[in-house]
Participant: 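Have a look at this one before I ask anything.
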Amino acid sequence: MVAPEQLAVPACVDTARRPAPPQRPLTRWLLHDRVQPEGPASAGTGHRGHPWWQVMCLTGVDYFSTLSYLPGIAALTAGALSPLATLLIVALTLFGVLPMYRRVAEESPNGQGSVAMLEDLLPFWRGKVFVLVLLGFVATSWIITITLSAADASVHVLENPFFPDALHGHAVALTVVLLLVLGGVFLLGFTEAVAVAIPLVAVFLLLNLVVVVVGMSDVLAQPAVIGDWVGRLTEGGGGFGDVVLPTVAAFPLLVLGLSGFETGVSMMPLIATDGRTPAQRLATRVRNTRKLLTTAAVIMSGYLIATTLVTTVLIPPGEFAPGGAANGRALAYLAHERVGQVFGTVYDVSSILILWFAGASAMAGLINIVPRYLPSYGMAPEWGRAVRPVVLVYTAVSVLITLVFRADVNAQAGAYATGILAMMVSAALAVTISAARRRRRGPAIGFAVLTAVLLYALVDNVVEKPDGLTISAFFVLGIVAISLVSRITRTTELRAERIEFDDVARRFVTDSLAHDGRLHLVANKRQAGDREEYAEKEAAQRTMNPVPWTADVLFLEVDVVDPSVFSGVLHVHGVQVDGHHVLRTDAPAAPNAIAAVLLALRDATGVRPHAHFEWSEGNPLTHLFRYLLLGQGDTPPVVREIIREVEPDPARRPGIHVGG
């Protein structure tokens, strides 16, 4: 018996040809930081982990920045009842959305979010298409978050009396500049983005606290404004319908203030972890993410209640209407009117900066979630895992959208709402199914109710602003089209990360080499898997192909288990069937796996293997589509093409022989 260390093939063989390290400094810099597809160590964008509260600030530039416009939206939609509408949103946040995303964080600790939870519900291509559609809504939400926030920041610049008049009429150019600067921050790295986010959030929250404290002091000092507000509350008679209907009408718009939860989960890989084992590190990541989500929700809830109350009581209702001084900027209005023009300008600058950088959390979310799927599916180039190239792509798309919509905030609002609400509905559905599968009846019912509430908000938004669904559809179709083109162009890659041989397979190869110093492999699509099948196959191949009668033969079988998967590790097992030696492996595509095994045997043994096939019957186009969709077709020519692309030297290519 040959000792394992003396076997001709090692237990693990790397893929025959890995991409060569880039030679140019610019290319090395662009491809340096990469997002890994999955796994406990996949914080892997090359950055160090950050404390959870720092990552909360990066999430908070999106979440907390909604204070700039949410109180105004509430007052415009619900009028004097806006504090009640806000209380409903706070209740939904603390008792619905927060528990939901705490569950999402537990079940997708590598930052994939609800997309990963729903991916497992549908097998094969249906699951992949479902994920692509969800990613289309994710892209809609976060790309529009980037462009809308930058456009809103430009509005705050143009409406402040202290900024130069020369900027008026140049909202598009100003927004494009803000987008380019944002992209530049992310080209520097995540550490720089977090460093920018921390002071922006701290200053913004502090300034809002000042506005709230001054506003509440004025409310207490002027009992008449309370009387005016109470009078407006009772104008319609104060019936149940007069209270409920405006509150329900405002609800779908105010739900948009919850957008920070999804980005918070997507940025889990940025959070520093502790522990000796991968399981311990994942546990601390989940625990710290829950701290992040809970702290952000409590802070935001307190601010929402306080800011909505002071703006509704102190600002004349007419100022909230379009064209009014408080339209879309209620707290900025109070900052100027109640604290002073200098403070108001400081508040405006803070709002401008945090609205501009609100796109940072969306950019971070896109960087952390999309590359975990598309390259792994073969539906994006491998450089799609690198952070800096995708930042350039997202920035270019954001600039294009800004030019198309002329930096109009209202024109993008429908798509923004549709994307966010679709993501939240998918998360609610995912946790509902998860709770039901675990037979946890109470949580399942609660999350089902939450799903219905969020679905109502989504449907209401689509009815009110159907253009949002149209824009989302363009994103979905764009992602699907690009993914299909990429998948087709990458079909002839090796698609194996590495090849692992068990001890039996290694002994078979070693014995075959010891027989005559050569390797002859017969490709077989297993039917009965009995002695007669292998005996007939061997006899046929020795007749139709140049297999010497004295040569030893190994059978190579590939079972296609899920053709929608693009790549993975090939585990080659040795099986003996009545004296016939068989090498078996599972793979997404048979030709790619055969090519990978042949090249691995060549590299491990130094012997050029020969593979023997039989021609397939049928139409070549049918075989082509079967290969693209099912991972198998007319295998021999595809195997040869894959090997030709990998190995430029014909003398070193494994021999491919086809007969019949």
Participant: Which of these, Val214, Val211, Val210, sits in a side-chain contact (heavy atoms from CB on, under 4.5 Å) with Arg338?
Facilitator: Val214
Participant: Side chains of Ser149 and Asp62: donor-acceptor distance under 3.5 Å anywhere?
Facilitator: no
Participant: Using a 3.5 Å distance criterion without hydrogens, assess whether the side chain of Arg103 forms a donor-acceptor pair with backbone atoms of Val431.
Facilitator: no
Participant: Start with the C-alpha distance between Ile471 and Thr418, add both sets of side-chain angles, then the distance that settles side chain to side chain contact (heavy atoms under 4.5 Å, CB included), and finish with yes or no.
Facilitator: CA-CA 9 Å; Ile471 296 170; Thr418 300; over 6 Å; no
Participant: Quick one: does any side-chain atom of Trp356 pair with a main-chain N or O of Leu178 as donor and acceptor, under 3.5 Å?
Facilitator: yes
Participant: Identify the two heavy atoms, one from Gly419 and one from Ser472, that lie closest to each other, and give their separation to 0.1 Å.
Facilitator: N-OG, 4.4 Å
Participant: Using salt bridge (charged side-chain N to carboxylate O under 4.0 Å, His left out) as the criterion, list what pairs up with Glu464, not counting sequence neighbours.
Facilitator: none
Participant: For Gln341, is there any backbone N or O sitting under 3.5 Å from a side-chain donor or acceptor partner on Thr345?
Facilitator: yes
Participant: Stepwise, does the side chain to side chain contact (heavy atoms under 4.5 Å, CB included) test hold for Leu132 with Val476?
Facilitator: CA-CA 7 Å; Leu132 291 180; Val476 171; over 6 Å; no
Participant: Can you confirm whether Ile401 sits close enough to Ile144 that some side-chain heavy atom of one is under 4.5 Å from a side-chain heavy atom of the other?
Facilitator: yes
Participant: Can you check whether Met363 reaches Thr395 side chain to side chain, under 4.5 Å on heavy atoms?
Facilitator: yes
Participant: Would you give the length of the straight line joining atom CG of Leu450 to atom CZ of Phe95, rounded to the nearest 0.5 angstrom?
Facilitator: 13.0 Å
Participant: Could you measure the distance from the CE atom of Met100 to the CG atom of Leu429? Nearest 0.5 Å is fine.
Facilitator: 10.5 Å
Participant: In Å and rounded to the nearest 0.5 Å, what is the CD1 to CD1 distance from Ile89 to Ile305?
Facilitator: 11.5 Å
Participant: Answer yes or no: is there a side-chain heavy-atom contact under 4.5 Å between Arg329 and His336?
Facilitator: yes
Participant: Testing the 3.5 Å rule here: is there a donor-acceptor pair between the side chains of Arg102 and Thr294?
Facilitator: yes
Participant: For the CG atom of Leu270 and the CD atom of Gln54, what is their distance to the nearest 0.5 Å?
Facilitator: 11.0 Å
Participant: Answer yes or no: is there a donor N or O on one side and an acceptor on the other, between the side chain of Glu319 and the main chain of Ala325, under 3.5 Å?
Facilitator: yes
Participant: Measure the shortest side-chain to side-chain distance between Val97 and Met424 over non-hydrogen atoms and say whether it is less than 4.5 angstrom.
Facilitator: yes
Participant: Can you measure from CZ (Phe405) to CG (Asp467) and round to the nearest 0.5 angstrom?
Facilitator: 7.5 Å
Participant: Might you point out which heavy atoms bring Leu205 and Tyr303 nearest each other, and give the distance in Å?
Facilitator: O-OH, 2.7 Å
Participant: In the structure I gave you, are the side-chain heavy atoms of Leu293 and Phe261 within less than 4.5 Å of one another anywhere?
Facilitator: yes
Participant: Scan side-chain atoms only and decide if Thr451 and Thr432 contain a donor-acceptor pair under the 3.5 Å cut-off.
Facilitator: yes
Participant: Are the side chain of Thr66 and the backbone N or O of Tyr63 linked by a donor-acceptor pair below 3.5 Å?
Facilitator: yes
Participant: For side chain to side chain contact (heavy atoms under 4.5 Å, CB included), just list the numbers for Phe447 and Ile433, CA-CA rounded to whole Å, side-chain angles, deciding distance to a tenth of an Å, and then say yes or no.
Facilitator: CA-CA 9 Å; Phe447 288 132; Ile433 295 172; over 6 Å; no
Participant: Of the non-hydrogen atoms in Gly264 and Thr289, which two are nearest, and what is the gap between them?
Facilitator: O-CG2, 4.5 Å
Participant: Determine whether Val61 and Val201 make a side-chain contact, defined as any pair of heavy atoms from C-beta on separated by less than 4.5 Å.
Facilitator: yes
Participant: Between Val390, Val391, Leu392, which is the residue that forms a side-chain contact (heavy atoms from CB on, under 4.5 Å) with Tyr394?
Facilitator: Val390
Participant: Can you give me the closest heavy-atom contact between Ala326 and Ile315, atom names plus distance?
Facilitator: CB-CG2, 3.9 Å
Participant: List the steps, then state whether side chain to side chain contact (heavy atoms under 4.5 Å, CB included) holds for Thr295 with Met56.
Facilitator: CA-CA 8 Å; Thr295 304; Met56 184 191 72; 3.7 Å; yes
Participant: State, with a plain yes or no, whether a side-chain heavy atom of Ile146 is found less than 4.5 Å away from one of Leu179.
Facilitator: yes
Participant: Kindly give the heavy-atom pair with the smallest separation between Ala407 and Ala151, and that separation in Å.
Facilitator: O-CB, 3.5 Å
Participant: If you look at every heavy atom in Thr307 and Pro71, which pair is closest and at what distance?
Facilitator: OG1-CG, 3.7 Å
Participant: For the CH2 atom of Trp142 and the CG atom of Leu135, what is their distance to the nearest 0.5 Å?
Facilitator: 9.5 Å
Participant: Say whether, by atom type as modelled, one donor and one acceptor occur between the side chain of Ser82 and the main chain of Ala78 under 3.5 angstrom.
Facilitator: no
Participant: Give a yes or no answer on whether the side chain of Ser350 reaches the backbone of Val346 with a donor-acceptor pair at less than 3.5 Å.
Facilitator: no
Participant: Is the shortest side-chain heavy-atom distance between Ser301 and Leu94 below 4.5 Å?
Facilitator: yes
Participant: So, Ser154 versus Thr175: side-chain donor-acceptor pair below 3.5 Å or not?
Facilitator: yes
Participant: Would a distance-only check, ignoring hydrogens and angles, find a side-chain to backbone donor-acceptor pair under 3.5 Å from Ser426 to Met423?
Facilitator: yes
Participant: For Leu309, is there any backbone N or O sitting under 3.5 Å from a side-chain donor or acceptor partner on Thr312?
Facilitator: no
Participant: For the residue pair Phe204 and Tyr347, categorise the inter-ring angle as parallel (less than 30°), tilted (30 to 60°) or perpendicular (more than 60°).
Facilitator: tilted
Participant: Quick one: does any side-chain atom of Ser486 pair with a main-chain N or O of Ser483 as donor and acceptor, under 3.5 Å?
Facilitator: no
